[in-house]
Participant: 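Next up is a structure, given as structure tokens.
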Amino acid sequence: MKSNAKRIWGFIKVKNRRISLFSATMLAISSLIGSGWLFGSSEAAAVAGPAAVISWVIGAFVIGIIAFNYIELGVMLPESGGMSRYPQYSHGPLVGFIASWANWLSLVALIPIEAVAAVQYMSTWPWSWANWTSNFMRQGQLTLAGLGIVFLFMVVFTLINFWSVSVLTRFTNLISVFKILVPLLTITLLMYSGFHSENFGHSLATFMPNGTSPIFEATTVSGIILSYNAFQTVINIGGEIKDPQKNIFWAITISLTVATVIYIALQVAFIGAVEPAQLAKAGWSGLKFASPFADIAILLGLHWLSILLYLDAFISPFGTGVSFAATSGRTLAAMTRNRRIPQWLGEVDSTYGNPRLAYLANLFVGTLLVLVFRDWSLLASVMGVATLVAYATGPVTVISLRKLRPNYTRPVQSKWMPLVAPVTFVIASLAIYWAMWPTTVQVIGAIALGLPLYIYYELKNKQTSLKEQLKSGGWFLCYLVFLSVMSYAGSRGFHGNDFFKYPYDFLTIIIVSLFFYWWGIKSRLLINPDLEEADRLNEKVKLS
């Protein structure tokens with residue numbers, strides 16, 4: 001009993017540490033409006049041209065429909081780090097481990113992503129007194145000095161989370177308003193000062209200069225999925241939110257809506273602000289902006305706006321970095337309840353109620369990631385694939401739990417879920433494929449690196465037989481193999497070997513994914529000790 005009191009779950013019952021709807025929404029917005037807005041518009045335009053606007057709409061739809069599944073799970077089973085727990089309730093340890101490992105990997109990647117974004121903007125400071133910052137980047141890659149500053153920022157992200165939930169929420173409430181106002185101001189001034197409607201093309205061919213496949217490609221490789229991903233911040237702090245049965249739904253809905261409007265408007269403003277002469281010379285793929293919006297502001301003579309943007313290049317990534325340092329820490333702590341990683345990672349500080357050891361472990365792993373991937377766009381692609389692999393379990397889990405526990409109290413329960421869930425699974429599968437060969441396989445390989453840890457603890461715990469594990473989790477292993485093969489054999493537009501030409505690659509993924517969805521539902525684990533914990537969680541919902 002004493003050891004349990006030291007776990008992360010000990011502090012969620014402390015009433016004065018509960019997070020309000022406003023704070024949860026601001027925390028989500030602070031996470032959503034991060035480095036994605038600083039680089040995403042430029043990266044997406046380089047890939048898809050003016051049609052990048054459609055990429056942001058598609059990205060919002062992909063994450064929105066995924067969130068629809070997780071809202072039901074989040075309000076039905078509100079707990080901190082819930083994203084790491086739900087698949088284990090429905091399918092047992094193997095699927096639960098792979099999903100939680102993938103989700104954790106994506107969250108940890110966000111910490112260096114935000115630090116890299118801040119340093120990349122910092123390296124382009126135009127002032128003479130700041131010439132020393134130009135040494136932070138060389139040929140689009142971080143230098144040793146740049147890595148040092150990135151590490152320093154990551155340490156700050158971590159330390160802010162060391163002191164209680166109240167410090168975290170005050171910090172995010174304070175900067176979230178600034179993070180919303182600066183993009184809105186940027187949109188307004190760029191459209192007013194130099195908007196060139198001809199940049200959007202005069203025909204379908206000029207609007208989509210590279211065809212239709214790059215529109216889908218941009219959603220993953222340009223950081224669009226990264227930009228929208230932060231809705232899960234609300235899910236992962238669900239156990240700490242006041243009145244979670246209502247506030248989880250509203251916090252996710254409000255924050256995603258605000259972010260979608262801002263991101264689409266930013267893309268429109270960016271496309272319209274590029275000088276037509278520069279565009280005619282270089283084309284969309286030839287535009288090279290180290291600090292996209294700040295560079296454009298300078299070209300338009302809006303020097304004071306560029307200063308504000310350079311300032312926001314610190315604040316936006318800092319807000320998101322701090323939020324995801326919190327989320328990834330709680331996710332790692334939650335994974336200890338799956339009994340497949342060291343239990344000490346789930347211990348919390350007795351004074352502040354935070355999983356400090358988990359924070360430090362994430363800082364270490366994040367440092368390793370940035371040492372390997374020294375580029376914002378590459379880190380964004382890695383994060384996008386990892387998080388989509390984890391999200392793919394959501395629709396299977398939500399329907400499986402409806403069949404396993406039809407009598408659960410479900411404050412949010414849509415009659416359309418039996419239709420939405422398979423559509424979500426298919427869309428997640430397509431989005432993973434859009435990351436292109438070899439990124440898709442590389443990330444799936446990184447997820448597979450966690451399996452030895454799973455096997456070690458499985459042999460140690462001896463709670464479920466290997467036969468039962470493969471019976472309930474074999475579908476997910478085969479699904480990941482299928483996606484890897486499709487990435488290799490897919491169309492040239494997605495860097496495959498063109499065995500499946502576009503759009504027949506899409507059609508193949510749709511059909512086969514529906515089979516895996518059906519197989520996943522059939523593989524739900526009928527006798528599962530973890531479901532007893534889910535029963536206790538839902539009983540609290542019933543009584544509240």
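For this chain, numbers begin at 1 and follow the sequence in order.
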Participant: Determine whether I262 and L184 satisfy the following criterion, side-chain contact (heavy atoms from CB on, under 4.5 Å), listing intermediate values before the conclusion.
Facilitator: CA-CA 7 Å; I262 290 175; L184 290 177; 4.1 Å; yes
Participant: Is the F289 ring parallel, tilted or perpendicular to the F270 ring (thresholds 30°, 60°)?
Facilitator: perpendicular
Participant: Can you tell if the side chain of L388 reaches within under 4.5 Å of the side chain of I66, non-hydrogen atoms only?
Facilitator: yes
Participant: So, S222 side chain and T219 main chain: donor-acceptor pair closer than 3.5 Å or not?
Facilitator: no
Participant: To check you understand the geometry: which heavy-atom pair defines the closest contact between S484 and V441, and what is its length?
Facilitator: O-CG2, 3.7 Å
Participant: Quick one: ring pair (Phe, Tyr, Trp, His ring centres under 6.0 Å) partners of F151, sequence neighbours excluded?
Facilitator: none
Participant: Within a reach of under 6.0 Å around CG of L449, are more than 12 heavy atoms found that belong to other residues, nucleotides or ligands?
Facilitator: yes
Participant: Identify each donor-acceptor pair in which a side-chain atom of residues 105-117 lies under 3.5 Å from a protein atom, sequence neighbours left out, and give them as a table.
Facilitator:
unit_1 : atom_1 : unit_2 : atom_2 : d
S106   : OG     : N103   : O      : 2.7
E114   : OE1    : S35    : N      : 2.9
E114   : OE1    : S35    : OG     : 3.2
E114   : OE2    : S35    : OG     : 3.0

Participant: Output, in order, the C-alpha distance, side-chain angles, deciding distance and verdict of side-chain contact (heavy atoms from CB on, under 4.5 Å) for V150 and M154.
Facilitator: CA-CA 6 Å; V150 166; M154 290 168 61; 3.8 Å; yes
Participant: Should the ring pair Y488 and W437 be called parallel, tilted or perpendicular, given that the plane angle runs from 0 to 90° and is split at 30 and 60?
Facilitator: perpendicular
Participant: Could you tell me the separation between the OG atom of S41 and the CD1 atom of I271, rounded to the nearest 0.5 Å?
Facilitator: 8.0 Å
Participant: Would you find a donor on one side and an acceptor on the other, under 3.5 Å apart, between the side chain of S100 and the backbone of G96?
Facilitator: yes
Participant: Can you name the residues that form a side chain to side chain donor-acceptor pair (under 3.5 Å) with Y310, not counting sequence neighbours?
Facilitator: none
Participant: Given side chains that start at C-beta, do those of F153 and V119 come closer than 4.5 Å, heavy atoms only?
Facilitator: yes
Participant: Could you list the residues that satisfy side chain to side chain donor-acceptor pair (under 3.5 Å) with Q267, not counting sequence neighbours?
Facilitator: W56
Participant: Drop me the distance from H495's NE2 to E217's CD, to the nearest 0.5 angstrom.
Facilitator: 5.5 Å
Participant: So, Y359 side chain and A325 main chain: donor-acceptor pair closer than 3.5 Å or not?
Facilitator: no
Participant: Which atom names give the shortest non-hydrogen contact between L345 and L357, and what distance separates them?
Facilitator: CD2-O, 4.0 Å
Participant: For residues I98 and L480, determine if any side-chain heavy atom of one lies less than 4.5 Å from a side-chain heavy atom of the other.
Facilitator: yes
Participant: Does F482, at its CZ atom, have more than 12 non-hydrogen atoms belonging to other residues, nucleotides or ligands within less than 6.0 Å?
Facilitator: yes
Participant: State, without any angle test, whether N69 and T424 hold a side-chain donor-acceptor pair at a distance under 3.5 Å.
Facilitator: yes
Participant: Could you tell me which residues satisfy side chain to side chain donor-acceptor pair (under 3.5 Å) with Y263, sequence neighbours excluded, listed by chain and number?
Facilitator: none
Participant: Classify the ring geometry between Y479 and F476 as parallel (under 30°), tilted (30 to 60°) or perpendicular (over 60°).
Facilitator: parallel
Participant: Minimum heavy-atom separation for T133 to M122, with atom names?
Facilitator: OG1-O, 2.9 Å
Participant: Measure from the ring center of F425 to the ring center of Y391 and say whether it is less than 6.0 Å.
Facilitator: no
Participant: Check whether S306 reaches the backbone of H303 with its side chain - one donor and one acceptor, N or O, closer than 3.5 Å.
Facilitator: yes
Participant: Using distance alone, with no hydrogens and no angle criterion, decide if D312 and W37 have a side-chain donor and acceptor under 3.5 Å apart.
Facilitator: yes
Participant: With sequence neighbours left out, write down each residue that passes ring pair (Phe, Tyr, Trp, His ring centres under 6.0 Å) with F136, or none if nothing qualifies.
Facilitator: W132
Participant: Can you check whether V57 reaches I264 side chain to side chain, under 4.5 Å on heavy atoms?
Facilitator: yes
Participant: Is there a donor-acceptor contact under 3.5 Å from the side chain of T143 to the main chain of G146?
Facilitator: yes
Participant: Just wondering, do L94 and L477 contact through their side chains at under 4.5 Å, heavy atoms?
Facilitator: yes
Participant: What closest approach, in Å, do S55 and A218 show between heavy atoms, and which atom pair accounts for it?
Facilitator: OG-CB, 3.6 Å
Participant: Quick one: list whatever passes side chain to side chain donor-acceptor pair (under 3.5 Å) with S227, sequence neighbours left out.
Facilitator: none
Participant: How long is the span from the OG1 atom in T439 to the CD1 atom in I432, to the nearest 0.5 Å?
Facilitator: 13.0 Å
Participant: Might you work through the side-chain contact (heavy atoms from CB on, under 4.5 Å) test for H91 and V396, ending with a clear yes or no?
Facilitator: CA-CA 9 Å; H91 287 82; V396 176; 3.5 Å; yes
Participant: Once side chain to side chain contact (heavy atoms under 4.5 Å, CB included) is applied, do any residues pair with I307, and if so which ones, sequence neighbours excluded?
Facilitator: W127
Participant: State, yes or no, whether a side-chain contact exists between V47 and W284 at a heavy-atom distance under 4.5 Å.
Facilitator: no
Participant: Can you name the residues that form a side chain to side chain contact (heavy atoms under 4.5 Å, CB included) with Y456, not counting sequence neighbours?
Facilitator: K460
Participant: Kindly determine whether T220 and Y433 satisfy side chain to side chain donor-acceptor pair (under 3.5 Å), including the steps that lead there.
Facilitator: CA-CA 9 Å; T220 303; Y433 173 72; over 6 Å; no
Participant: Could you grab the distance from atom CD1 of I58 to atom CD1 of I225, nearest 0.5 Å is fine?
Facilitator: 10.0 Å
Participant: Sequence neighbours left out, what passes ring pair (Phe, Tyr, Trp, His ring centres under 6.0 Å) with F68? Give chain and number order.
Facilitator: none
Participant: Please, which pairs that meet side chain to side chain donor-acceptor pair (under 3.5 Å) have at least one residue in residues 361-371, sequence neighbours excluded?
Facilitator: W104-N362, S328-N362
Participant: With rounding to the nearest 0.5 angstrom, report the CG to CD1 distance, L256 to I71.
Facilitator: 8.0 Å
Participant: Got L77 and R85 here, is their nearest side-chain heavy-atom distance under 4.5 Å?
Facilitator: no
Participant: Quick check for you: to the nearest 0.5 Å, what is the distance between F293 atom CZ and L305 atom CG?
Facilitator: 10.0 Å
Participant: So, T387 side chain and G384 main chain: donor-acceptor pair closer than 3.5 Å or not?
Facilitator: no
Participant: For the backbone of S20 and the side chain of N247, can you confirm whether one donor and one acceptor N or O come within less than 3.5 Å of each other?
Facilitator: no
Participant: For a quick test of reading the model, state the closest non-hydrogen atom pair linking P126 to I298 and the distance between them.
Facilitator: CG-CD1, 4.3 Å
Participant: Can you see which heavy atom on S513 is nearest to which on V426, and at what distance?
Facilitator: CB-CG2, 4.2 Å
Participant: Return the set of residues passing ring pair (Phe, Tyr, Trp, His ring centres under 6.0 Å) with F39 (not counting sequence neighbours), or none when no residue passes.
Facilitator: Y121, W376
Participant: Using the side-chain contact (heavy atoms from CB on, under 4.5 Å) rule, take F157 and L363 through it: C-alpha gap first, then chi angles, then the decisive distance, then the call.
Facilitator: CA-CA 9 Å; F157 297 164; L363 175 63; over 6 Å; no
